[in-house]
Amino acid sequence: MDLFVAIMVNVAAASTPLVFAAMGELVVEKSGVLNLGVEGMMLMGAIAGFAAGYASGSMLIGIIVAGIAGGLLALLFGFLTQHLLANQVATGLALTIFGIGISAMVGHSFVGISLDPIAKGIPFLEDIPVIGKLFFGHDILVYASFVMTALVFYFLYKTRAGLILRAVGTNHDAAHSIGYSVIKIRYMAIVFGGAMAGIGGAYLSMAVNPMWVEEMTAGRGWIALALVVFATWRPGRVLVGAYLFGGISILQLNLQAMGVTIAPQLLAMLPYLVTIAVLVIISRDSGLMKKHAPACLGKIFHASS
Amino acid sequence: MFKSVLKKAAGAVAVAAGLAAMSAQAADVKVGFVYIGPPGDHGWTYQHDQGRLAVEKELGVETTFVENVPEGPDAERVINQLAATGHNLIFTTSFGYMNPTLKAAKRHKNVKFEHATGYKQAANVATYSGRFYEGRYVVGHIAGKMTKSNVLGYIASFPIPEVIRGINATIRGARAVNPDATIKVVWVSSWFDPGKESDAAKTLIDQGADVILQHTDSPAPVQVAEERGVWAVGQASDMHKFGEKAHLTAIIDDWAPYYIERTKAVMDGTWTGGGDTWGGFKTGMVVMADYNKAIPADVVELAESIRKGIIDGSVHPFAGPVVKQDGTVAVPAGETPDDGFLAGMNFYVEGVDGEMPQ
Amino acid sequence: MFLKLESRGEANRNMVYLTPVLAVILTLITGFFLFLAMGHDPFEALYTFFIYPISNSYGISELLVKATPIILCAIGLSMGFRANVWNIGAEGQLTLGAIFGGTVALMFYEQEGWYIIPLMMVAGVVGGALWAAIPAFLKTRFNANEILVSLMLTYVAFQLLSYLVHGPLRDPDGYNFPESRLFSDSAIVPILWEGTRFHVGGLFALLAVVAGWLMISRHLIGFQIRVIGMAPMAASYAGFSEKKLIWFTLLLSGGLAGLAGMFEVSGPVGQLVPSISPGYGFTAIIVAFLGRLHPVGIMMAGLLVALTYLGGESGQITLGLPEAVTGVFQGMLLFYLLASDVLIKYRVVPNFGTAKS
């Protein structure tokens with residue numbers, strides 16, 4: 001039981017950066033925009049959060065700055081794709097290259113510095129037997145990621161603004177013709193996505209490994225992107241997908257420590273193969289997929305009025 | 001400590017002896033370095049870069065480095081470019097550069113090449129590596145004494161002899177002082193992924209390990225050990241800044257003496273290729289970081305006696321009997337294996353938990 | 001906003017050629033100030049980036065070596081992108097091509113035969129196409145999104161390669177180090193340019209460009225399709241059903257990526273190693289769009305992007321510029337190129353309108 005709880009705490013830490021980044025990208029894609037630059041924005045958030053947290057001594061400031069940094073990089077993407085109508089796939093990839101470079105440049109002077117990790121556990125509650133550690137033994141951002149999931153769900157499906165955002169993603173010409181500013185709405189979604197990716201990155205550099213090393217996200221931005229598709233653009237499933245992926249990653253390490261002997265490379269394939277398998281199962285209902293996928297995803301909008 | 005004082009003194013003498021002559025030579029020699037990662041990894045590449053900086057400082061020669069060079073088709077071009085731009089000595093610091101280095105060496109006969117961790121040489125290619133297993137044997141003794149759970153946790157990258165040797169040396173060291181000690185190994189299939197390394201560290205701690213050792217390059221596991229209140233041993237560089245309480249010591253790859261020696265040899269015209277240098281404690285290529293104050297004095301003394309024993313030859317980490325995991329004897333009692341045996345090691349010794357992958 | 005975009009109605013042909021020039025000029029200007037701010041001589045830095053790498057024949061040959069796999073992958077991908085089939089796993093397909101081609105090379109180790117290299121090429125194409133057939137099958141049969149499947153399979157391919165070179169395909173005389181044997185000479189592709197690494201794969205890249213050009217000009221007439229953003233309707237594709245189109249484009253792009261991977265191991269690398277491609281499959285996606293999905297454009301874009309990689313290396317060697325600067329500079333160039341495309345279909349006009357809605 002102790003081991004199970006310990007594993008779950010690790011799973012939460014491995015999954016949380018994915019939840020943030022994927023939840024942000026979900027909103028972006030729901031508005032009809034595909035931003036493949038998540039990895040670059042996460043790295044930007046990771047270095048900005050670490051630097052600000054180090055300079056100010058405040059974790060909160062670090063997280064806020066990380067969100068701003070990710071959002072700023074996303075703004076660049078927004079300008080290129082929304083105002084200059086650049087291709088979204090290519091711009092997103094270029095954003096990743098740019099983000100890796102600029103984070104390494106900024107981070108140069110922060111190599112070799114260590115911060116105290118963000119504190120774990122809620123006082124008193126985590127001392128409850130059995131469930132205490134399982135439910136209350138995490139750091140604040142783990143809870144924030146759950147709250148964020150609920151908020152995104154509420155926003156998308158229970159508010160008028162969310163309805164408009166989805167309408168823009170489903171049919172931007174129609175949304176435009178009834179008077180909504182497609183570009184403005186997409187800008188907001190893009191910046192939100194960048195901020196979330198930035199916070200996801202900062203979780204790595206402030207909670208998981210409170211330090212800065214170049215390219216420390218090690219491909220998690222791409223996983224986050226995949227999770228959005230995997231989740232068929234639904235917030236709850238993003239959360240489940242992130243925990244599934246994080247869970248298998250941690251589980252295979254535990255199996256090894258228990259003495260299971262399989263080539264490590266084959267074990268490392270597991271999370272990806274399971275993701276594909278689950279995707280196949282849930283994709284079979286094509287009507288369901290069509291219902292949730294934003295029809296205008298990746299298409300360029302220009303009001304020709 | 002004493003050694004570095006000596007080094008400085010020697011440097012001062014050299015400077016006093018022939019400043020003019022030396023600077024003339026220094027101007028002719030340009031040293032190039034090819035790195036697999038960024039110097040900011042705080043592990044493998046960081047230490048090579050420290051070596052490079054020491055060459056600049058000590059000898060006043062110009063150096064150049066190219067970072068993040070992938071071990072694929074690009075490596076040969078980068079090495080060729082360095083050779084074509086007036087670098088007369090080039091260090092290629094990752095195993096995967098072996099064949100690219102040899103190809104470039106064929107093209108540039110006048111340039112001298114040094115390849116780290118490989119086994120192929122040529123007239124103008126020498127190889128070098130460190131006997132890091134010596135450090136791991138010392139660390140094993142400390143870990144064996146410090147562990148309460150008798151479980152050591154080892155984060156490993158890929159099942160190659162270099163890594164297997166490190167695991168075996170560690171558990172042999174630990175069992176020499178604590179016959180109940182076992183070691184759990186987790187493979188992360190990467191040399192550098194801080195997130196995965198820390199996941200592996202947490203996993204090992206959850207499964208009872210109270211000393212975390214690693215053969216991956218980031219300081220992440222040390223940080224995790226600090227947070228979780230267990231011991232850790234740094235890899236490649238001194239990582240105590242990432243866990244003041246947890247950091248027992250670290251096995252430091254100190255390339256500086258070798259790089260300075262080889263650069264000097266090029267300046268003097270005494271450099272020869274075709275050979276291999278496998279340096280350990282004795283040559284200063286492997287160095288222990290400062291021991292944690294929390295280690296009892298007798299354990300420090302023990303560790304130091306092992307280290308000194310390795311230097312004077314009275315201790316060998318793989319002196320027989322070496323017993324494989326399945327109980328068969330690999331090296332009979334009273335015998336000491338040769339370097340070829342060590343270089344190709346592909347079995348676990350007693351005390352390793354679980355079977356070797358493949 | 002005092003400026004606004006107005007549709008030209010039809011794409012401006014002059015702009016098709018002018019905008020890349022404009023983008024390069026803008027990059028040069030911004031780069032000038034970037035390097036100035038970093039304390040480098042901007043003229044020297046720009047020279048190092050763009051001219052120095054191709055200032056001698058060796059440099060030019062290396063440019064071609066570097067561009068070959070990128071162009072091969074990008075040509076295949078562009079066909080899919082035109083049809084809205086999003087294969088972003090060319091990196092994985094390239095890896096499988098390398099594995100298949102390399103395995104054939106090792107099977108015929110120390111044997112002679114003219115047929116070995118053709119066989120390796122076939123194996124490379126089959127390997128890449130097989131890997132791409134997985135997303136094609138899952139897409140057509142189960143409606144599974146090809147972006148996700150092809151991307152996930154890239155990571156699986158990396159691990160598979162790593163597993164093979166650490167185990168079954170490891171050099172038996174290599175002290176258990178993770179590399180295969182060096183291929184025999186009979187399994188090394190011929191060098192086209194004596195004294196360099198430029199190999200026969202370059203010809204195939206050129207061939208792919210010509211074949212691609214023929215294919216799109218024969219099937220979809222008109223200059224609109226050379227312009228980005230005009231996705232051709234699947235139905236108009238010479239009697240193809242949507243499913244067939246998915247299969248066709250994925251197998252084509254996978255096969256070409258696999259061929260590129262085979263050429264890498266049989267050419268510049270000469271053996272199987274744990275990491276074969278420094279991201280060619282991903283770079284090819286950008287190149288496909290920079291080339292506006294047109295084969296000739298892709299060839300130019302491939303050469304330009306390859307040049308920036310070479311420039312980054314010489315920047316590190318001769319000026320001591322950190323590698324990070326390369327990434328920033330490259331990103332900038334790509335942003336300008338992508339952004340300037342807007343001028344092809346739109347013109348910028350002053351905006352005298354008052355309040356925005």
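Keep in mind that what you see is a predicted model, and the values were worked out from it rather than measured. Letters A, B, ... are given to chains in the order of the sequence lines, protein chains preceding strands, and every chain is numbered from 1.
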Residue from A:Ala94, A:Ala104, A:Ser103 scoring the most non-hydrogen pairs under 4.5 Å with chain C is A:Ala94
Highest number of heavy-atom pairs under 4.5 Å with chain C among A:Phe230, A:Trp222, A:Tyr272, A:Phe77 belongs to A:Tyr272
Residue among [options] with most heavy-atom pairs under 4.5 Å to chain A:
options	result
C:Glu323, C:Lys139, C:Met152	C:Met152
C:Phe335, C:Trp86, C:Phe282, C:Phe158	C:Phe335
C:Val325, C:Val156, C:Leu153, C:Leu334	C:Val156

Nearest heavy-atom contact between C:Thr308 and C:Phe49 is O-CE2, 3.9 Å
Scanning both residues in full, the closest heavy-atom pair of A:Ala22 with A:Leu227 reads CB-CB, 4.2 Å
Chi angles and distances behind the side-chain hydrogen bond (donor to acceptor under 3.5 Å, both in side chains) call for A:Thr81, A:Gln88
CA-CA 6 Å; A:Thr81 57; A:Gln88 293 172 7; 5.1 Å; no
Exercise. Answer yes or no: is there a donor N or O on one side and an acceptor on the other, between the side chain of C:His166 and the main chain of C:Ser162, under 3.5 Å?
Key: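 Answer holds: yes.
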Handout entry: Under 3.5 Å: donor-acceptor pair, side chain of A:Arg237, backbone of A:Thr232
Key = no
Sort [X] into side chain, backbone, both or neither according to what part of it lies under 4.5 angstrom from a heavy atom of chain C.
X	answer
A:Leu93	both
A:Ile102	both
A:Leu76	side chain

Using a 3.5 Å cut-off and no angle test, enumerate the donor-acceptor pairs between side-chain atoms of residues 36-45 of chain A and protein atoms at least two apart in sequence or in another chain.
{"unit_1": "A:Glu39", "atom_1": "OE1", "unit_2": "A:Arg220", "atom_2": "N", "d": "3.3"}
{"unit_1": "A:Glu39", "atom_1": "OE1", "unit_2": "A:Gly221", "atom_2": "N", "d": "2.7"}
{"unit_1": "A:Glu39", "atom_1": "OE2", "unit_2": "A:Thr217", "atom_2": "OG1", "d": "2.8"}
{"unit_1": "A:Glu39", "atom_1": "OE2", "unit_2": "A:Gly219", "atom_2": "N", "d": "2.8"}

query = Given C:Ser253 and C:Gln93, is the side-chain hydrogen bond (donor to acceptor under 3.5 Å, both in side chains) satisfied, shown in steps?
reply = CA-CA 9 Å; C:Ser253 52; C:Gln93 292 139 22; 4.8 Å; no
Cut-off 4.5 Å, heavy atoms of chain A, and the answer for C:Leu151 is side chain
So, the part of C:Leu160 with a heavy atom under 4.5 Å from chain A: the answer is both
